[in-house]
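Everything below concerns the one structure shown next.
Numbers here simply count residues along the sequence, with the first being 1.
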Amino acid sequence: MLTSITTRMTTLKQCKTNSIDSIDMHMSVVYNECIIFVECSDLHIPDKGGIRIRLTYESPAISGKKVGNKVYSIKQVAAMLGIPTVTLRAWENRYSAVTPERTESGYRLYTEENVADLRWLKEQVEQHQTNISEAVRMLKVNKTSSQEAAVVPTSFTPPVPTMEEAYVRIADQIYDSLYNFQGERANGLIDFGFTMYGYDSMFYHVLVPILVRVGDAWEQGRASVAQEHFMTQLISQRFYQFFHLFPIYPHLPKVLALCPEGEHHQVGLMLFSLFMRKNGAEVLYLGANTPEEGIYPIIREQKIRLICLSITSSELLERCDQLIGRILDEFPDMRFVLGGKGYERAENARYPQWIMPGDSADWQTWMEREYFVEHSPGRR
């Protein structure tokens, strides 16, 4: 220890400079851990004739340096990578991102491999918008593959899955769970997905495609009626949970959402209703196969000003148009939103001005142009 201190003092006295930064380059941990103080009059920095310099014993436990295999302290890694120390600890404790060595005193010592792994994880999170838990999972998978192929772990470049691939992966897992009536597992995966990707991405990119897939499987005989009902009901319940979380703006027109009699598929209606609720509209959601006689009292008592109708089959087009005509006879100022594949494919729809674009990316434009603007009475 005395030799190390003497060496440091000699090095310090040989460093004649006007820059503290230059000193720090020669003695990178001088200011971090204090063991003794010495005066250095050779430094031309005004501080009552000299400056007080902190020297440390050249110990891996303190400086994070070791002869041979170089290691770094957590402060050094944080400075090198631009990752806060609290984040480094969280990645280690929560996700086992890396496992640094520990000294007898408990100091973390990061190897070159640890630093390379952390640098890669940071790139995935910041440049590819990958969740840290998913990035860690990819890192471990690729490190295992690299080791099996006798490749040096620090030299690999793990492939970065696209968000579409991530959505497909979790959708497959949820679908398989539902198909086998594993409700608890499916709910756990859905909860995980909401945490990872947010409710928007989960509904638009995961749950809605699952519902479409369920319907196709039922139509093609690959899923029983019981399976179709179970899968649709569980996802619908998750939809309803989010449906009531958004604030309602009373000045906006109140909305009624339904599928007419004979229409049993409500995926599109659900999705659009959620979009409306997210934008502050109060939506009374009646769902699939709604009897006509129950509609009129609700419109009158709840002061409904906009009705959303959805059909998936063009065979229901004429019936739905007739329903709209009867509602307009009773409520001439009523406005409508018409959607679903039945209307998207319609060539001779009676009310084309109310047909919504099939691409959900266009819904916000419609809402700003049509819904947020008051219309004069009688406009159709």
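The two residues Ala97 and Leu121 have their closest heavy-atom pair at CB-CD1, 3.6 Å. Taking both residues in full, the closest heavy atoms of Ala346 and Leu317 are given as CB-CD2, 3.6 Å, listed atom of the first, atom of the second, then distance. Here the shortest heavy-atom pairing between Leu309 and Cys320 reads CD1-SG, 3.8 Å. In this structure, Pro84 and Gly82 approach most closely via the heavy-atom pair CD-O, 4.0 Å. Summarising the geometry of Ala257 relative to Val283, their closest heavy-atom pair is CB-CG1, 4.0 Å, with the distance given to 0.1 Å. Scanning all heavy atoms of the two residues, the minimum distance from Arg102 to Glu92 falls at NH2-OE2, 3.5 Å.
Shown here are the salt bridge (charged side-chain N to carboxylate O under 4.0 Å, His left out) partners of Glu126, two or more places apart in sequence or in another chain: there are none. For Arg94, the salt bridge (charged side-chain N to carboxylate O under 4.0 Å, His left out) criterion is met by no residue, not counting sequence neighbours. Taking the ring pair (Phe, Tyr, Trp, His ring centres under 6.0 Å) definition, one finds that Phe336 meets it with Trp354, sequence neighbours left out. Considering only residues two or more places apart in sequence or on other chains, Phe239 meets the ring pair (Phe, Tyr, Trp, His ring centres under 6.0 Å) condition with Phe243, Tyr285. Residues passing the ring pair (Phe, Tyr, Trp, His ring centres under 6.0 Å) test with Phe181 are Phe230, sequence neighbours excluded. For Phe246, the ring pair (Phe, Tyr, Trp, His ring centres under 6.0 Å) partners two or more places apart in sequence, or in a different chain, are Tyr199. Residues passing the salt bridge (charged side-chain N to carboxylate O under 4.0 Å, His left out) test with Arg326, sequence neighbours excluded: Glu292. Scanning for side-chain contact (heavy atoms from CB on, under 4.5 Å) contacts around Arg89 gives Ile74, Thr85, Asn93, Arg108, with sequence neighbours left out.
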Please tabulate, for the side chains in residues 212-219, all donor-acceptor contacts under 3.5 angstrom to protein atoms that are two or more places apart in sequence or on a different chain.
| residue | atom | partner | partner atom | Å |
| --- | --- | --- | --- | --- |
| Arg213 | NH1 | Asp172 | OD1 | 2.9 |

Expected list for residues 186-195: side-chain donor-acceptor pairs under 3.5 angstrom, two or more places apart:
| residue | atom | partner | partner atom | Å |
| --- | --- | --- | --- | --- |
| Asn187 | OD1 | Arg238 | NH1 | 2.9 |
| Asn187 | ND2 | Gly183 | O | 3.4 |
| Asp191 | OD1 | Arg238 | NH1 | 3.3 |
| Asp191 | OD1 | Arg238 | NH2 | 2.6 |
| Thr195 | OG1 | Asp191 | O | 3.1 |

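The OG atom of Ser310 sits 8.5 Å away from atom CD of Glu344, with the distance rounded to the nearest 0.5 Å. Separation of atoms CG (Leu323) and CG (Leu316) is listed at 11.0 Å; rounding is to 0.5 Å. Rounding to the nearest 0.5 Å gives a distance of 8.0 Å between CG of Leu306 and CE of Met334. With rounding to the nearest 0.5 Å, the separation of CG in Leu178 from CD in Glu228 is 11.5 Å. Here the straight-line distance linking atom CG of Leu286 with atom CD1 of Ile295 works out to 7.0 Å at 0.5 Å rounding. To the nearest 0.5 angstrom, Ile299 atom CD1 is 6.0 Å from Leu256 atom CG.
The closest side-chain donor-acceptor pair between Gln322 and Glu318 falls under 3.5 angstrom. In this model, a donor atom of one side chain and an acceptor atom of the other lie less than 3.5 Å apart for Ser201 and Tyr167.
Within the structure, side-chain hydrogen bond (donor to acceptor under 3.5 Å, both in side chains) pairs that include any residue of residues 268-284 comprise Asp200-Lys278, Asn279-Gln364 (at least two apart or interchain). Within the structure, no pair that satisfies the salt bridge (Lys or Arg N to Asp or Glu O under 4.0 Å) test touches residues 180-189, not counting sequence neighbours.
Remark: side-chain polar atoms of Asn180 are not paired, donor with acceptor, to backbone N or O of Gln182 under 3.5 angstrom. Put simply, the side chain of Gln76 gets close to the backbone of Ser73: a donor and an acceptor are under 3.5 Å apart. Listed for the Arg119 side chain is no donor-acceptor partner under 3.5 Å among the backbone atoms of Met80. Looking at Glu263, its side chain never comes within 3.5 Å of a backbone N or O of Pro260 through a donor-acceptor pair. Although no hydrogens or angles enter the test, the distance criterion places no donor-acceptor pair under 3.5 Å between the side chain of Ser105 and the main chain of Tyr107. Between the side chain of Lys122 and the backbone N or O of Leu81, at least one donor-acceptor pair lies under 3.5 Å.
Partner of Asn131 under the side chain to side chain contact (heavy atoms under 4.5 Å, CB included) criterion, chosen from Gln124, Arg137, Met196: Met196.
Side-chain contact between Phe331 and Arg305: absent, with no pair of heavy atoms (C-beta onward) separated by less than 4.5 Å. Side-chain contact between Arg169 and Glu134 is present, with heavy atoms from C-beta onward closer than 4.5 Å. Here the side chains of Val136 and Ser96 are not in contact, with every heavy-atom distance at 4.5 Å or above. Considering only heavy atoms from C-beta on, Tyr110 comes within 4.5 Å of Leu118 through its side chain. Side-chain contact between Leu271 and Trp363: present, with at least one pair of heavy atoms (C-beta onward) separated by less than 4.5 Å.
Remark: Lys341 NZ is loosely packed, at most 12 non-hydrogen atoms of other residues, nucleotides or ligands lying under 6.0 Å away. Atom CD of Glu347 is surrounded by 12 or fewer heavy atoms from other residues, nucleotides or ligands within 6.0 Å.
At a threshold of 4.0 Å, the pair Arg300-Glu330 counts as salt-bridged, since one of the basic side-chain nitrogens sits closer than that to a carboxylate oxygen.
Cluster annotation: Ile248 is not connected to Leu284 through the hydrophobic network of ILVMFWY side chains, with a link wherever side-chain heavy atoms come within less than 4.5 Å. Val115 and Tyr95 fall within a single hydrophobic cluster, where Ile, Leu, Val, Met, Phe, Trp and Tyr are joined by side-chain heavy atoms under 4.5 Å apart, directly or via other members. Each of Leu211 and Val168 belongs to its own hydrophobic cluster when Ile, Leu, Val, Met, Phe, Trp and Tyr are linked at side-chain heavy-atom distances under 4.5 angstrom.
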CA sep, side-chain torsions, deciding dist, call: Glu113, Asp117, side chain to side chain contact (heavy atoms under 4.5 Å, CB included): CA-CA 6 Å; Glu113 181 181 349; Asp117 290 346; 4.0 Å; yes

Stepwise side chain to side chain contact (heavy atoms under 4.5 Å, CB included) check, Asp321 with Tyr351: CA-CA 8 Å; Asp321 282 347; Tyr351 305 100; 3.9 Å; yes

Steps toward side chain to side chain contact (heavy atoms under 4.5 Å, CB included) verdict (Met163, Tyr197): CA-CA 9 Å; Met163 291 306 297; Tyr197 309 119; 3.7 Å; yes

